[in-house]
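Below is one structure, written out as structure tokens, with a few remarks after it.
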Protein chains: 2
Amino acid sequence: MANSKLLGLHVSPSSGTPIYRQIMDQIQRLVASKSLAIGDELPSVRILAEQHAINPMTVSKAYSALEVQGVLTRLRGKGMVVAKNKDSQLDLSQRLAQLDSTLEMLSLEAGQLNISDEQMMSYIEKFLKFHARKN
Amino acid sequence: MANSKLLGLHVSPSSGTPIYRQIMDQIQRLVASKSLAIGDELPSVRILAEQHAINPMTVSKAYSALEVQGVLTRLRGKGMVVAKNKDSQLDLSQRLAQLDSTLEMLSLEAGQLNISDEQMMSYIEKFLKFHARKN
DNA sequence: ATTACTGTATTAATTGAATAATACACTTGA
DNA sequence: TCAAGTGTATTATTCAATTAATACAGTAAT
């Protein structure tokens with residue numbers, strides 16, 4: 001379609017987590033934060049596949065699963081749009097909770113590396129300052 | 001063997017990352033932080049496999065790879081011990097750097113969830129306070 | 001010597017994920 | 001009407017990871 005936002009997805013085939021899951025998770029987050037609003041069109045499976053050098057069917061698998069979850073709606077012959085479903089839009093506390101699994105991982109790693117919470121906090125601060133994004 | 005520390009490894013078959021890699025990564029961290037000292041014995045492949053309901057060959061694959069990397073040494077007929085190799089022992093700044101890939105992931109997720117650095121920092125603080133470990 | 005441990009080599013089978021190449025039904029603008 | 005665009009079903013193939021069931025050579029204590 002003509003109008004579809006640049007999603008800026010990060011897809012890494014060697015990352016361990018399946019590609020279709022990476023796509024699902026990231027689109028879900030963009031919808032949760034309303035970076036993708038209800039009705040917004042998504043890039044076609046072929047476009048997205050070419051952008052990330054992956055197979056269109058892999059993108060389709062992600063889109064289909066998101067449709068089952070009620071996050072996307074399929075418009076036959078047109079494409080996928082963000083579903084009219086406010087359950088997919090999360091408030092701040094719900095979105096923060098989505099960081100938990102990664103924080104569990106971070107905490108496990110730090111523990112095994114014998115890094116204290118204080119040392120970790122100050123390092124994260126430095127890290128974020130260096131990898132600054134625009135808020 | 002009789003003497004082998006409880007490693008407290010966290011193995012999740014459904015985690016996406018291969019089981020043998022999960023084991024490798026965690027043992028490498030324990031050695032880096034000297035939680036496992038040079039000469040320390042590791043649990044036998046059969047014991048570790050039973051503890052986590054996985055296959056002994058999967059553990060063996062992790063051990064072999066760590067031997068190739070110089071982290072472990074195989075004592076034939078006895079078992080695996082931490083190799084006499086100070087390169088595996090990392091100072092604090094090197095250990096902190098090992099958190100980078102998980103921090104990249106955290107930062108990506110937060111960005112897509114439209115969570116600011118400040119909001120994330122204060123949430124992490126709460127999270128760590130709640131999931132307190134002993135430092 | 002026997003027993004009970006080590007790690008590992010081997011072979012076979014299974015599973016999940018991804019790719020590739022078509023094909024089809026649908027929509028829409030020219 | 002036609003051409004170009006949607007997502008998807010289908011079939012076959014490839015690949016990595018894991019499991020399973022043995023088997024073997026080495027060590028060490030009884």
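Protein chains get the first letters and strands the later ones, always in sequence-line order, with residue 1 at the start of each. Every value quoted in this text rests on a predicted model; they were computed, and no experiment measured them.
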**OP:** Nearest-nucleotide wise, let me know which of A:Arg76 and A:Ile54 is further upstream toward the 5' end of DNA chain C.
**Re:** A:Ile54

Subject >> From C:dT8, C:dA18, D:dA20, nucleotide with atom closest to B:Asn55 side chain >> reply: D:dA20

Original post:
Between C:dG7 atom P and B:Glu41 atom CD, what is the distance in whole Å?
Top reply: 11 Å

Subject >> Atom-pair distance (CE on A:Met80; P on C:dT27), nearest Å >> reply: 15 Å

Original post:
D:dG7 base to A:Arg46 side chain: any donor-acceptor pair below 3.5 Å?
Top reply: yes

Subject >> Protein-nucleotide distance (B:Glu50, atom CD; D:dA20, atom P), rounded to Å >> reply: 13 Å

**OP:** Could you work out which one of D:dT6, D:dT19, C:dA21 sits closest to the side chain of A:Met57?
**Re:** C:dA21

Original post:
Hey, are the side chains of A:Ile124 and B:Leu103 touching, using non-hydrogen atoms and a 4.5 Å cut-off?
Top reply: yes

Original post:
Taking only N and O in the side chain of A:Ser64, is any of them less than 4.0 Å away from OP1 or OP2 of D:dT8?
Top reply: yes

Original post:
Which whole-number value in Å describes the distance from A:Ile27 CD1 to D:dG7 P?
Top reply: 11 Å

Original post:
Looking at C:dA18, D:dT19, D:dG7, which one has an atom nearest to any side-chain atom of A:Thr58?
Top reply: C:dA18

**OP:** Grab the OH-C1' distance between B:Tyr20 and D:dT19 for me, whole Å please.
**Re:** 16 Å

Original post:
When the distance from CG of A:Leu75 to C1' of C:dT27 is rounded to whole Å, what number comes out?
Top reply: 10 Å

**OP:** For the side chain of B:Pro18, starting at C-beta, report the closest nucleotide among C:dG7, C:dT19, D:dT18.
**Re:** D:dT18

Subject >> Within one Ile-Leu-Val-Met-Phe-Trp-Tyr cluster: A:Leu90 and A:Leu72, side-chain cutoff 4.5 Å >> reply: no

Subject >> Closest listed nucleotide, where the reference is the side chain of A:Lys61 and the choices are C:dT6, C:dA17, C:dT19 >> reply: C:dA17

**OP:** Please tell me which of the listed nucleotides, D:dA20, C:dT6, D:dT8, lies nearest to the side chain of A:Ser60?
**Re:** D:dT8

Subject >> Pair A:Glu109, B:Thr102: side-chain N/O donor-acceptor within cut-off below 3.5 Å >> reply: yes

Original post:
For A:Arg74 and D:dG5, what is the distance between atoms CZ and C1' respectively, to the nearest whole Å?
Top reply: 15 Å

Subject >> Below 4.0 Å: OP1/OP2 of C:dC5 and any side-chain N or O of B:Ser44 >> reply: no

**OP:** Indicate whether the side chain of A:Asp100 and that of B:Tyr123 have a donor and an acceptor atom separated by less than 3.5 Å.
**Re:** yes

Original post:
Counting side-chain heavy atoms from CB outward, which of D:dT19, C:dT6, D:dT27 is closest to B:Lys78?
Top reply: D:dT27

**OP:** Measure the distance from CG on B:Leu48 to P on C:dC5 and round it to the nearest whole Å.
**Re:** 17 Å

Subject >> Flag for B:Ser12-B:Gln22: side-chain donor and acceptor within less than 3.5 Å >> reply: no

